[in-house]
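Counting begins at 1 with the first residue of the sequence. Everything numeric here is computed off the predicted structure, so don't read it as measured data.
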Amino acid sequence: MRNPDSGFPICRPRRPTVYRCFDELDDAIIVLDRDNTVARLNRSFRETFGIGDDAAHGMKTGDLVVRYLTPLIREEGFAERMLEALRCRREVAHAACRMRTSAGEVRRFSFSCRVMTGEPYTGMVLARFRDVTPECDGAAPIRPGSVYTSIGELIPYGTWTCGPDGAALYISPSFLDLVGRTIEDCRRQGWVECIPLKDAAAARAEWRRCLDTGCQWDRELEIPDPGGGYRTILSRGAPVRDGGGQIVLWAGINLDITARRQAERLTAVRAAQQAAIADLGQCALAGAEPPELMNAVVRAVAEHLGVEYAKVLRYLPEEDLFILEAAVGFNSALVGTERVEGGTDSQAGYTLLSHEPVIVEDLRAEKRFRGPALLRDEGITSGISVIIQGERGPYGVLGAHTRTLRRFTRDDINFVQAAANVLAPGIERKAAEEALSKSEEKFREIAQRSFDMIYTCYHDSGITYMSPAVTRILGHTPAELIARKCRDYVSPLSLAAWKAAQKKLARGEPVEGLEVEFRRKDGSVAVVELNESPIIEHGKVVGVQAAGRDITERKQDEQLRQQAFEQIERNIEQFAVLGDHIRQPLQVTLGRADLLDDAETAAIIRDQVERINDHIRQLDRGWVESRMVRAFLRRHDRD
């Protein structure tokens, strides 16, 4: 019966092929399972040593050796060494011993054992007893064909031999079962010509070239596997020549390297995926805009995961829905407009609810959530979705989908998640940069309009920003001060206070209300009150940000007030002294006037003294008023 799709024969499961092959060998064979129990005794073993397969099947290795083989062995200590090798699964090649057969003869046998590696027998042990009595007795050597047969069946898909013209002489039954052919088919048509191959024409041309030139045959054959897909068979062979150099035989092997090639392909895919993630990381670090980065991510995921569709959905928590922001395979007109419901109405919504990656093998049979129209309209069957996790919450979901039925692996999930992990910080970093840029722009707008002098100064590069107010305060333009040091403009009288403030800033402490005299461009001095904050990077103070207010006029007003106070104090003191100095002589004069005999003259003197006393009383009132003015000014100055 043939497969209707491929046209190749369908091989139906029968008893294990390798066991049937073992039964055709002349060597006595024991097959031990992975747990060191007897899986099979071949026909030659049963006949040679008289041990039934049913009796031994499932028996522990030690029981088989002790109960059945030890009584037959004629070499002292050999049974123990053989048992140790089988238990330890250690390879043995051609260990000689004498054993009694079921016919009662004592014959010489060569014992070998090895662990099989070909699928599906990996891990099983093959033990062989070969009768070498004729060789030891000088009999004729065994035929080469039997050698190829015995060796070949130790290898999955075995060996082959052909005549000088390429006509098949022997092909391992396991290989014939794989290709669905008989040895008669191969002899009649030629073995390379009759077997199904993926690239049959090239393989047959190469085989004919080898037959014509006598060069070695070495080719990987892609052969349809009855279970589906293809098996990769490494077929190698070489001509065997006689003493005259003529080709008398072709001999070779067919080695199953499917698992190795699959591992190599998988390794190459994973390496390409890792390189793609590295490239995406470089793109993100280079400051790519979010749309550009998203498009790069969906393209990389679709290409390196081997799917037709990939998409980025941004989550809108206020509305509990997603919006399509980037896509491959979907209609490009949907980007920016297509909305997908959250919750259990979509795979993306279910991904956020589950807090972990979600794999869908068959969307048509999915019970956890309803497939959104975005996926159903494209006929999507299988897919992966992972969370694009931001610092404050999920940004959205990255998905990869295919129309074919596919079983995604953990490595596939890791690749898609790695792409999402590149995307999330890239988007957030760009948003943070934009927010910072807007903040800086607002700061500069405020600084540009500020009445105060605002500047940023670094220890290594000097002033990096200076607001326009500096022109009004110091007479310099901002451009004239860029890359200069603030200390260069501090007057000598303020250097001590300036240095003390710098020490405080170096400890990471802010400075407030520092009054510093700066030299103006015209040589005059301006008094500026500074409030300074340290700029700290990686735990180290690297500069300062400061705001300075011109208090020159205020300081001048304070000086004038101080001078006014001092003058008032002097006036009060002079009033008091003057009153005392005048009153005493007046009292003396008034007393002498009372002693005069001339009443008219005495009256004139008294009149003048009284007038002088009036002036003194006015001075006293001025003294009192001056004190009141002083008190008022002091009280007002404190307020």
Side-chain angles (χ1 to χ4, degrees), residues 3-6 13 119-120 224-231 258-259 261-270 272-274 276-277 297-313 315 321-322 324 326-331 334 338-389 394 396-421 423:
N3 187 305
D5 295 328
S6 65
E119 298 175 358
D225 191 333
Y230 285 84
R231 301 203 71 81
T258 305
R261 285 291 177 261
Q262 288 175 344
E264 290 173 354
R265 285 194 292 270
L266 184 60
T267 300
V269 168
R270 299 306 173 215
Q273 290 177 348
Q274 292 174 3
I277 295 299
V297 166
V298 294
R299 286 196 300 268
V301 168
E303 176 183 353
H304 294 284
L305 200 60
V307 297
E308 308 97 295
Y309 300 89
K311 67 183 188 308
V312 171
L313 293 172
Y315 183 54
L321 55 78
F322 299 84
L324 185 65
V328 165
F330 297 96
N331 186 348
L334 298 177
E338 180 69 12
R339 293 173 175 254
V340 175
E341 295 297 325
T344 56
D345 288 331
S346 66
Q347 182 176 345
Y350 183 78
T351 303
L352 290 189
L353 292 176
S354 62
H355 304 288
E356 62 183 4
V358 172
I359 294 179
V360 176
E361 289 189 10
D362 190 346
L363 186 62
R364 296 163 298 186
E366 184 57 56
K367 302 297 183 183
R368 295 170 295 177
F369 54 84
R370 292 182 293 276
L374 181 65
L375 302 184
R376 293 197 310 269
D377 293 347
E378 296 292 337
I380 285 173
T381 301
S382 304
I384 295 176
S385 56
V386 301
I387 298 173
I388 304 171
Q389 185 63 51
V397 170
L398 173 62
H401 311 275
T402 177
R403 290 179 177 176
T404 60
L405 189 65
R406 175 170 169 180
R407 181 170 295 176
F408 291 98
T409 67
R410 172 54 58 179
D411 288 333
D412 296 331
I413 295 175
N414 292 339
F415 169 61
V416 179
Q417 187 65 70
N421 293 343
L423 185 57

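- Proximity of a side-chain donor or acceptor of Thr402 to a complementary backbone N or O of Ser382 within less than 3.5 Å is not detected.
- Contact check for Ile387 versus Leu352: side-chain heavy atoms found under the 4.5 Å cut-off.
- With sequence neighbours left out, the salt bridge (charged side-chain N to carboxylate O under 4.0 Å, His left out) criterion links Asp377 to no other residue.
- At a threshold of 4.5 Å between non-hydrogen side-chain atoms, the residues Val358 and Phe369 count as touching.
- For the pair Asn414 and Arg410, the minimum side-chain heavy-atom distance is below 4.5 Å.
- When all heavy atoms of Leu305 and Ala400 are compared, the closest pair comes out as CD2-CB, 3.7 Å.
- For the atom pair CD of Glu361 and CG of Leu405, the computed distance is 7.0 Å after rounding to the nearest 0.5 Å.
- Scanning both residues, Ser346 and Glu341, for their nearest heavy atoms gives OG-O, 2.5 Å.
- Using a 4.5 Å cut-off on side-chain heavy atoms (C-beta onward), Val360 and Arg368 make contact.
- By the 30° and 60° cut-offs, the orientation of the rings of His401 relative to Phe330 is perpendicular.
- In this structure, Arg339 CZ and Leu334 CG are separated by 13.0 Å, a value rounded to the nearest 0.5 Å.
- A side chain to side chain contact (heavy atoms under 4.5 Å, CB included) with Val328 holds for exactly one of Glu308, Glu303, Lys311, Arg299; it is Arg299.
- The two residues Pro372 and Val340 make their nearest non-hydrogen contact at CB-CG1, 4.0 Å.
- One finds the CD atom of Glu338 at 11.0 Å from the CG atom of Leu321 (value rounded to the nearest 0.5 Å).
- Shortest non-hydrogen contact noted between Thr381 and Arg403 is OG1-O, 2.7 Å.
- Ring geometry for His304 against Phe415 counts as perpendicular: the plane angle is over 60°, on a 0 to 90° scale with 30° as the lower cut.
- At a threshold of 4.5 Å between non-hydrogen side-chain atoms, the residues Leu313 and Leu324 count as touching.
- A search for salt bridge (charged side-chain N to carboxylate O under 4.0 Å, His left out) contacts involving Arg270 returns Asp411, Asp412, not counting sequence neighbours.
- Heavy-atom minimum distance, Val386 versus Ala420: CG2-CB, 3.8 Å.
- Remark: Arg265 CZ is packed, more than 12 non-hydrogen atoms of other residues, nucleotides or ligands lying under 6.0 Å away.
- Rounding to the nearest 0.5 angstrom, the gap separating the OH atom in Tyr309 from the CG atom in Leu375 is 9.5 Å.
- Side-chain contact check for Leu398 versus Val312: some heavy-atom pair is nearer than 4.5 Å.
- Here the straight-line distance linking atom OG1 of Thr404 with atom CD1 of Ile380 works out to 10.5 Å at 0.5 Å rounding.
- One finds the CD1 atom of Ile359 at 8.0 Å from the CZ atom of Phe408 (value rounded to the nearest 0.5 Å).
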